[in-house]
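The sequence lines fix the lettering, A, B, ..., with proteins before strands; numbering per chain opens at 1.
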Number of protein chains: 2
Amino acid sequence: MTRPPDHPLGDRVTVTLHHLVDVLDEYADHLLRAEHGVTLSQYLFLAVLSDLDHPDVTTLARCLHVTKAAVSKRVGSFVAAGWVRTLSDPGHARRVVLELTPDGVALVRDAGRQLEEAFTSAFADVPQVDLTALHRDLTTVLVTMRSALAQHVPDSPLV
Amino acid sequence: MTRPPDHPLGDRVTVTLHHLVDVLDEYADHLLRAEHGVTLSQYLFLAVLSDLDHPDVTTLARCLHVTKAAVSKRVGSFVAAGWVRTLSDPGHARRVVLELTPDGVALVRDAGRQLEEAFTSAFADVPQVDLTALHRDLTTVLVTMRSALAQHVPDSPLV
DNA sequence: GACTTCGTGTCAACCCGTTGACATTCGCCG
DNA sequence: CGGCGAATGTCAACGGGTTGACACGAAGTC
């Protein structure tokens with residue numbers, strides 16, 4: 001331990017949070033690759049799309065918390081993989097409307113269910129902590145930090 | 001809400017965790033850019049380097065939880081910015097040893113202190129939750145999920 | 001000394017994100 | 001009708017990550 005008293009990487013809680021989401025993501029990513037041949041990033045794209053009703057590129061980008069350029073670049077590979085179809089709005093020539101193919105719907109359904117089961121069974125191995133209370137506290141911290149962010153960075157896409 | 005009962009994105013807690021780290025990172029990134037002209041990613045590179053004693057590329061990569069190729073590519077820009085120096089091990093011709101310049105040391109010290117202050121003051125605005133207990137519970141969940149990950153992905157860099 | 005094996009760093013190709021610029025289209029208003 | 005601002009999607013250039021291949025040096029073995 002080079003410097004025990006002052007930790008240079010921000011408060012320790014932030015480090016633990018990062019580690020936790022890294023582990024959770026790696027776990028989900030491995031399950032999705034092995035069982036469904038998709039990346040976690042790809043699954044999230046399709047899952048968010050499945051919750052929307054024929055969004056355009058801009059709307060999907062906002063819901064994914066990324067830029068429209070990022071979505072625009074990825075659409076091609078999803079269409080090539082057979083999970084997504086692009087439609088054109090007859091009333092708005094520049095709009096590109098997105099929808100899942102039947103294959104995409106099935107993938108999101110099956111992968112989502114399996115992911116749900118895996119995480120609930122994994123979380124069941126932590127009886128010492130009250131997950132509902134933990135979630136509530138995390139939400140409280142989140143809203144506080146979000147307002148703190150809004151004060152310092154008013155035009156952030158996360159607020 | 002298209003599907004209220006079953007959430008396809010894994011348990012809600014995971015979503016909240018992602019949002020929280022996103023907000024925390026954005027907050028830190030904005031502070032570092034405005035006050036010190038560095039990205040959060042750049043600061044983390046330098047801060048981890050500052051905690052090690054003349055590591056080589058492979059060692060720093062392991063501590064950053066990235067591949068050595070990722071570190072190898074970034075070193076050049078850090079040297080060009082004047083924060084990092086590269087040394088060569090006289091007893092090991094292929095090793096590239098890294099160290100901070102005085103500028104790099106000062107940057108990590110100043111930015112780290114300011115980051116620490118900002119986060120402690122922000123967390124002080126959440127008196128409703130016991131941060132120590134929250135941290136303890138998060139750590140408990142982390143170790144459980146890490147062992148769950150180790151069971152499914154034995155050769156993961158995170159375990 | 002020659003051989004194999006391992007460790008180390010670099011490279012190319014790719015994935016995925018950003019910003020800034022751009023052409024096109026929509027919609028409003030004079 | 002004409003013009004002009006806002007919205008939309010795409011592109012190039014870049015930051016930063018990965019994997020797989022590779023060249024080279026270190027080290028043990030025959």
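Regarding contacts with the backbone of C:dT24, every side-chain N or O of A:Arg95 stays at 4.0 angstrom or more from both OP1 and OP2. OP1 and OP2 of D:dG17 both lie 4.0 Å or more from every side-chain N or O belonging to B:Thr67. At D:dG9, one or more side-chain N or O atoms of A:Thr58 fall inside 4.0 Å of OP1 or OP2 (strictly under the cut-off). Contact check, A:Arg94 against D:dG9: no side-chain N or O comes under 4.0 Å of OP1 or OP2. Side-chain N/O atoms of B:Ser72 include none lying less than 4.0 angstrom from OP1 or OP2 on C:dG9.
In this entry the distance linking CG of B:Leu64 with C1' of D:dT18 reads 15 Å, nearest Å. Atom CG in B:Leu60 sits about 12 Å away from atom P in C:dT10, given to the nearest Å. When rounded to the nearest whole Å, the span between CZ of A:Phe78 and C1' of C:dC15 equals 11 Å. Between the P atom of D:dG16 and the CG atom of B:Leu44 lies a distance of 11 Å, rounded to the nearest Å. Between the C1' atom of C:dG27 and the CG atom of A:Asp89 lies a distance of 15 Å, rounded to the nearest Å. Rounded to whole Å, atom C1' of C:dG17 lies 14 Å from atom CG of B:Asp25. Rounded to an integer number of Å, the gap from B:Glu26 CD to C:dG17 P is 15 Å. Rounded to whole Å, the distance from CZ on A:Phe45 to P on C:dC16 is 10 Å.
Candidate nucleotides C:dG9, D:dT18, C:dT18 were compared by shortest atom distance to the side chain of B:Lys68, and C:dG9 ranks first. Distances from the side chain of B:Val66 to the nucleotides C:dT10, D:dT10, D:dT18 place D:dT18 closest. Of the candidates D:dA26, C:dG20, C:dG9, C:dG20 carries the atom nearest the A:Ala69 side chain, counting heavy atoms from C-beta on. Out of D:dG16, C:dT25, C:dC16, the shortest distance to the side chain of B:Gln42 is found at D:dG16.
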Legend entry - Worked check of side-chain hydrogen bond (donor to acceptor under 3.5 Å, both in side chains) between A:Ser41 and A:Arg74: CA-CA 11 Å; A:Ser41 168; A:Arg74 298 186 71 182; 3.0 Å; yes

Legend entry - Trace of the side-chain contact (heavy atoms from CB on, under 4.5 Å) decision for B:Thr101 with B:Val84: CA-CA 5 Å; B:Thr101 64; B:Val84 170; 5.6 Å; no

Inset, instruction - Check the pair B:Val96, B:Ser88 against side-chain contact (heavy atoms from CB on, under 4.5 Å), reporting the backbone distance first and the verdict last. - result: CA-CA 5 Å; B:Val96 174; B:Ser88 52; over 6 Å; no

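Between A:Phe45 and A:Phe78, the ring planes are parallel. Angles under 30° get that label, and only those over 60° would be called perpendicular.
Along DNA chain C, the nucleotide closest to A:Arg74 and the one closest to A:His92 are compared, and the more 5′ of them pairs with A:Arg74.
Not a single donor-acceptor pair, N or O on each side, falls under 3.5 Å between the base of D:dG15 and the side chain of B:Lys73.
A side-chain N or O of A:Glu26 and one of B:Ser156 form a donor-acceptor pair less than 3.5 Å apart. For the residue pair B:Asp56/B:Thr59, the side-chain donor-acceptor check at 3.5 Å is satisfied.
Using a 4.5 Å heavy-atom threshold, the side chains of A:Val97 and A:Thr86 count as separate. Put simply, the side chain of B:Leu138 reaches to within 4.5 Å of the side chain of A:Leu20, judged on heavy atoms.
DNA chain D lies under 4.0 Å from no heavy atom of any residue of residues 29-40 of chain B.
Nucleic acid contact for B:Ala93: sugar-phosphate only, since backbone atoms but no base atoms lie under 4.0 Å from a heavy atom of the residue. No engagement by B:Gly76 is indicated, since no non-hydrogen atom pair under 4.0 Å with the nucleic acid exists.
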